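Reminder, nothing fancy here: chain letters follow the sequence lines and each chain counts from 1. Every value quoted in this text rests on a predicted model; they were computed, and no experiment measured them.
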Amino acid sequence: MIFPDAIQIADSTIRLATPLLLACLAGLFSERSGVFDIGLEGKMLVAAFFSAAVAAVTGSVWLGLGAGVAAAMAFALIHAVASITFRGDQLISGVAINFLAAGMTVLIAQDWFEQGSRTPALTGAARFAPIRLPGADALSEVPLIGPFYADVLSGHTILVYAGLLAVPATWYILFRTRFGLRLRAVGENPAAVDTAGISVARLRFSAVLICGLLCGLAGAYLATGLAAGFTKDMTAGRGFIALAALIFAKWRPWYALGSCLLFGFLQAVSNRYSTIDLGLFEIPNAFVLALPYILTVVILAGFVGRAVPPRAGGEPYVKER
Amino acid sequence: MSAPAIELRGISKSFGPVRANRDISITVRPGTIHGIIGENGAGKSTLMSILYGFYTADAGEIRIHGNRAEIPDSQAAIRAGIGMVFQHFKLVQNFTVLENIVLGAEGGRFLSTSLEKARRLLKRLSDEYELHVNPDARIEDLGVGMQQRVEILKALYRQADILILDEPTGVLTPSEADHLFRILQGLKREGKTVILITHKLREIMDVTDTVSVMRRGEMTATVDTASTSAPELAELMVGRKVLLRVDKAPARPGDKVLEVDDLRVVDGAGVERLRGVSLSVRRGEILGLAGVAGNGQSDLLEVLGGMRAGTGRVTVNGTALALSGSGSDARTRRRRGIGHVPEDRQREGLVMDFHAWENVGFGYHNDRRYARGLLMDNAALRADAAAKIAKFDIRPADPWQTARNFSGGNQQKIVIARELEREPDLLLVGQPTRGVDIGAIEFIHEQIVALRDQGKAILLVSVELDEIMALSDRIAVMFDGRIMGERLPAETDERELGLLMAGIADTGRDHPVGEVEANLAGTAGKRE
């Protein structure tokens, strides 16, 4: 009785952690390069809308995915131009992106589809289908490992696996390649990079665009994998939770996986149980639903310890004499 | 004779109306150490930034080893064999030495191969030039002297054969500076060309072969170091005779103003930074506190200035000061007549993005004279600032400039003006002339002596032994959180002070100065 519940929650943890994880890694690239990005939410939202809209119109989820990623990258480009080229305030640019995304998606959705700011429900090839991992059926009868493999690890859409693979890929890029070395350096001390004869702006642009790409995947997954279509404000603060997870993870890819799974787990629990009965008293539904958000605050306030953000984060680079 | 390593012809560069470099020509012979000396703002750094591709010159040409070179960016400078060690190091703090060295010169997409190659090359360079440093240490764990070595290695790794060092000793202790000069001599022996930018005459005289003097954007002279002298260079720098010695009447010490007894301070990491310091300063006297940076002088100033808590007994004019808890803050100290010129003017003395007139009022903004009812009387503050700017010859003479836009010397003058004008009974001065040009040094020294002659007590902390020797009426030397000894300037010399600074109490001399003896007995007994 407990075990099937656990399997169900674990399965849904992975599902719910995926958009957080993709957004968190997106933020990781941007912030490691010294560009703070509170516009993850907005970028996910535009990606969610455009992927759902294009998938609904064309019937192809892959075209939808492409459109979502392109939209998120276009927004990332706005952030890059504002904060790198014009040395604007990164927080203000991020806030602007969030507002723009929230307003624009609803407006265009209503104009195009006239379904109360939604896209039509996606079916068939317009949605990502679950993938059965090889051997899932054969193993499903094995106690413990079987259900875990068959029901928790197997049966997700391709973007879930993409998100999980993005963790080692990010780690490798960051810590084992020239690009990663320069990226980390530019977030810590852009002057060191500049005097070494490398363009600070070009590095940061690449990082912010990678951030856009990953936000695009996160948003597209929300609308075409996790849900079946776009609804108003469907990101529901995930971009901000991803930022919290990023701080909790101390800007490290493997820690990001851990912290996103934790936040995903909390959401899974609150989705699974409307109330939690602790015997003596019952935790009410509203509280359970709020739990992930409350925990975000608690974790950020108390449990992170000394998380040192990239030293040059948030500051536009100005060549000094 | 071989072609000059560097030849600049008619270089000019303007920033708006400011002509930072005017028609500068200079020839640097290969395999020599060439000094460029000049006051702050003379255009030395601009010239070197042009050479390193940070700026492009408005006019003129650059020749390297006889060939005309275009240097539009740093990458081009590196390719031309020029390496630069900036005054403020360009290192990534949480990277290892090795990572910092390969950054930008990785030689491949993947790090593992680049790092292995770099490690071997680094080992060879370290041995060749005696620049030993642990390749796997993190920069943030290294001292400034080591960090500078990493910068030099970075340049050598990029196969630089011309090395430019911009004010390299500004952050170094005297022994680290000596070590640096030995390294530079080694580089020279290996055939490298070194350009040393500094405003310290002694370094030029000690280490260079040729020296060029810059003044107000122009190159005023290039001479062989052997055929010139420090006073002559000083004159070329400022365009007039400067007193390297401070002209002052003998001190007439009065009553004790400051008495410190068994002062102890423990820092956040639990390390005891002051281990029972006792000293006193009298009215009309300058007590110079010498020592290698980091031996407790800063902590002493911070405790006395109300920026840090301590234990022990401190009295000012006979009344005890609270050393921790309420009443130990900087504001109370100021009310008690203690002025404080902190060691780091940019961090503790000024708010860099505030206007000069705002900075002039800091710490005294609650004064009645700046108040109009509940509000601040900004007009009064501005008028006061304008008066101070005129009196202390602060340039540009504009109260609306932000502190950041003043040169180091003028920033310091703002702080000095603020603290001296209150006529404090006791003035705490930390590194009054660090990074300040000669003209301003002279002026600041005169002001400090004038305050003494008004009968005020002054506690001077400086890592510049010349400054301590020139200004002090009495010298105390600190080592490892203790006073190693006290001397009278007339009865000691730099050698003896150097020994005390190194923690060697027995200097083979006897100093029958009453107070000195008492202090020596007090601290020497506690030393293991």
Side-chain angles (χ1 to χ4, degrees), chain A residues 28 31-34 87 89 168-204 206-207 210 249-253 255 305-321, chain B residues 13 15 20 41 43-46 48-50 52-55 71-80 82-96 98-115 118 139-140 150-151 154-155 157-158 166 404 407:
Chain A
L28 193 147
E31 301 210 345
R32 277 282 190 166
S33 82
R87 299 178 188 139
D89 189 299
T170 302
W171 174 84
Y172 186 83
I173 290 171
L174 220 50
F175 296 104
R176 288 292 180 269
T177 69
R178 177 174 69 186
F179 174 71
L181 183 78
R182 293 175 173 187
L183 187 81
R184 285 182 288 132
V186 82
E188 291 288 331
N189 185 357
V193 171
D194 194 18
T195 50
I198 310 161
S199 162
V200 171
R202 207 155 70 203
L203 265 175
R204 288 190 165 168
S206 328
I210 293 174
K250 301 185 177 177
W251 293 267
R252 291 164 174 278
Y255 289 11
R306 268 175 51 79
V308 184
R311 278 188 188 78
E315 288 167 21
Y317 177 60
V318 184
K319 221 176 221 193
E320 56 184 314
R321 270 219 259 175
Chain B
K13 174 75 183 173
F15 297 99
K44 298 167 297 198
S45 294
T46 303
M48 290 306 120
S49 296
I50 289 171
Y52 195 65
F54 252 43
Y55 299 130
I71 304 181
D73 53 36
S74 306
Q75 195 87 61
I78 294 167
R79 272 199 305 272
I82 299 174
M84 179 126 173
V85 176
F86 290 88
Q87 187 175 4
H88 303 288
F89 306 143
K90 310 291 184 188
L91 296 171
V92 181
Q93 289 291 316
N94 59 358
F95 276 23
T96 63
L98 202 58
E99 286 173 324
N100 267 289
I101 285 173
V102 299
L103 181 65
E106 297 89 345
R109 234 166 242 294
F110 302 102
L111 282 186
S112 48
T113 45
S114 339
L115 288 177
I139 296 297
E140 56 201 354
V150 177
E151 284 283 18
K154 230 167 96 177
Y157 183 78
R158 286 159 174 75
D166 189 2
R404 195 176 294 287
S407 69

Heavy-atom proximity to chain A below 4.5 Å, by part of B:Phe89: backbone
Can you tell which part of A:Arg311 gets under 4.5 Å to a heavy atom of chain B, answering side chain, backbone, both or neither? side chain
Check whether any side-chain N or O of A:Arg32 sits under 3.5 Å from a backbone N or O of A:Trp251 as a donor-acceptor pair, and report yes or no. yes
Determine the option with the most heavy-atom pairs under 4.5 angstrom with chain B, choosing from A:Asp194, A:Ile198, A:Leu181. A:Leu181
Which atoms of B:Ile78 approach chain A - backbone, side chain, both or neither, heavy atom under 4.5 Å: side chain
Interface moiety of B:Phe95 toward chain A, non-hydrogen atoms closer than 4.5 Å: side chain
B:Arg79 versus chain A, heavy atoms under 4.5 Å apart: side chain, backbone, both or neither? neither
Counting only heavy atoms closer than 4.5 Å, note whether A:Phe175 contacts chain B via side chain, backbone, both or neither. backbone
With no hydrogens and no angle check, is any side-chain donor or acceptor of A:Arg204 less than 3.5 Å from a backbone partner on A:Val186? yes
Taking the side chain from B:Glu151 and the backbone from B:Lys90, do they hold a donor-acceptor pair closer than 3.5 Å? yes
Does A:Ala312 offer a backbone N or O that forms a donor-acceptor pair with the side chain of A:Tyr317 under 3.5 Å? no
Chain B heavy atoms under 4.5 Å from A:Arg182: which part of the residue, side chain, backbone, both or neither? both
Toward chain A, the part of B:Asn94 with a non-hydrogen atom under 4.5 Å: both
Within 6.0 Å of CZ in B:Arg158, more than 12 heavy atoms from elsewhere: yes
Would you find more than 12 non-hydrogen atoms of other residues, nucleotides or ligands less than 6.0 Å from A:Tyr255 atom OH? no
Do A:Ile173 and A:Leu183 touch side chain to side chain, with heavy atoms closer than 4.5 Å? no
